[in-house]
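In what follows, every heavy atom counts, from backbone to side chain, and hydrogens, waters and symmetry copies are set aside.
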Amino acid sequence: SETPEGCVCYQSYSQGSYVDPGTQVDIRVSQGPEKNTYRYHANISAPTAEEAPDYVAGTEVKVRLETDSGQVLMDNETVSSFPYTADYFGLTSSAGTITITYTVTTDGTSVVNPDGTTTNTPGTTEQKSFTRRVEFTQE
């Protein structure tokens, strides 16, 4: 209904009609405009080379899926195999954002200097992330 929430949207007698005292009058009160709901069914694919050039296939990632209205559907869920199936119903937003966080580890190095000493450089571990926009389907 397009009638604002809480307003009478139907009455059993027209406005201005005469009725006998004590006559029952039926009314309906609007619940407001119909709210659309959305569904998200997808197979989330692995990070691409463009999204994450240093991602290593098979490495665990953390996946966060949040709707534009702030509803968190996945909160840093650990995923290691793709495609990863997601299926949600009754969403109030038509779109959202997937954030994928992964870890990049570099090996340490050892260099022998001309004087015979060795210089060790420790490996590093760094968290990186990227986002994807996703559209939901109206139910």
#### Entry: Between E139 and T37: side-chain donor-acceptor atoms closer than 3.5 Å
yes
### Task
Please list all pairs passing the salt bridge (Lys or Arg N to Asp or Glu O under 4.0 Å) test where one or both residues lie in residues 82-102, with sequence neighbours left out.
R39-D87
## Note on the structure
In short, C9 meets S30 closest at the heavy-atom pair SG-N, 3.8 Å
### Query
Excluding sequence neighbours, so at least two apart, what forms side-chain contact (heavy atoms from CB on, under 4.5 Å) with N120?
S110, T118
### Query
Can you hop from V8 to V19 via hydrophobic side chains spaced under 4.5 Å?
yes
### Task
Assess whether side-chain contact (heavy atoms from CB on, under 4.5 Å) is satisfied between Y88 and M74, documenting all intermediate values.
CA-CA 10 Å; Y88 298 95; M74 295 173 68; 3.1 Å; yes
### Task
Taking salt bridge (charged side-chain N to carboxylate O under 4.0 Å, His left out) as the test, write out the residues that go with E77, two or more places apart.
none
### Query
Tell me, which pairs form a salt bridge (Lys or Arg N to Asp or Glu O under 4.0 Å) where one or both residues lie in residues 91-105, sequence neighbours left out?
none
### Message
Which residues pass the side-chain contact (heavy atoms from CB on, under 4.5 Å) test with V79, not counting sequence neighbours?
### Response
V61, V63, F82, Y84
### Separation between CZ of R132 and CG of L65, rounded to the nearest 0.5 Å
11.5 Å
### Query
When rounded to the nearest 0.5 angstrom, what is the spacing between CD in Q11 and CD1 in I27?
8.0 Å
### Query
Which pairs pass salt bridge (Lys or Arg N to Asp or Glu O under 4.0 Å) with one or both residues in residues 104-116, sequence neighbours excluded?
none
### Task
Mind running salt bridge (charged side-chain N to carboxylate O under 4.0 Å, His left out) on K62 and D75 for me, showing each step along the way?
CA-CA 8 Å; K62 300 282 187 192; D75 192 9; over 6 Å; no
### Query
For Q138, does the CD atom sit with more than 12 other heavy atoms under 6.0 Å from it, leaving out its own atoms?
yes
### Query
Do the side chain of S93 and the main chain of S69 share a donor and acceptor less than 3.5 angstrom apart?
yes
### Message
Please check this pair: side chain of T48 against backbone of E51, looking for a donor-acceptor N/O pair closer than 3.5 Å.
### Response
yes
### Query
Quick one: hydrophobic cluster around Y18, which other residues, with the 4.5 Å side-chain cut-off, linked directly or via members?
none
### Task
Quick one: do I98 and R64 satisfy side-chain contact (heavy atoms from CB on, under 4.5 Å)? Show the steps, please.
CA-CA 6 Å; I98 293 175; R64 180 179 174 84; over 6 Å; no
### Query
With D20, which residues qualify under side-chain contact (heavy atoms from CB on, under 4.5 Å), at least two apart?
T23
#### Entry: Q127 versus T103, side-chain donor and acceptor atoms under 3.5 Å
yes
### Task
Report the residues that fulfil ring-ring contact (aromatic ring centres under 6.0 Å, His included) with Y40, sequence neighbours left out, ordered by chain and then residue number.
F136
### Point-to-point distance, once rounded to the nearest 0.5 Å, from CD1 of I100 to OG of S129
10.0 Å
## Note on the structure
Rounding to 0.5 Å, atoms CG (L91) and OG1 (T67) come to a distance of 6.5 Å
#### Entry: Distance in Å, T97 OG1 paired with D68 CG, rounded so as to fall on 0.5 Å steps
5.5 Å
### Query
Given a cutoff of under 4.5 Å between side-chain heavy atoms of I, L, V, M, F, W and Y, with clusters grown through shared members, what are the other residues clustered with V112?
none
### Residue pair T124, T106: steps toward the side-chain hydrogen bond (donor to acceptor under 3.5 Å, both in side chains) verdict
CA-CA 5 Å; T124 61; T106 59; 2.6 Å; yes
### D26 side chain to Y13 side chain, donor-acceptor N/O pair below 3.5 angstrom
no
#### Entry: Interatomic distance, Y102 atom OH to K128 atom NZ [nearest 0.5 angstrom]
5.0 Å
#### Entry: With sequence neighbours excluded, residues passing side-chain contact (heavy atoms from CB on, under 4.5 Å) with T119
N113
## Note on the structure
Sorted by chain and number, sequence neighbours left out, side-chain hydrogen bond (donor to acceptor under 3.5 Å, both in side chains) with T105 holds for none
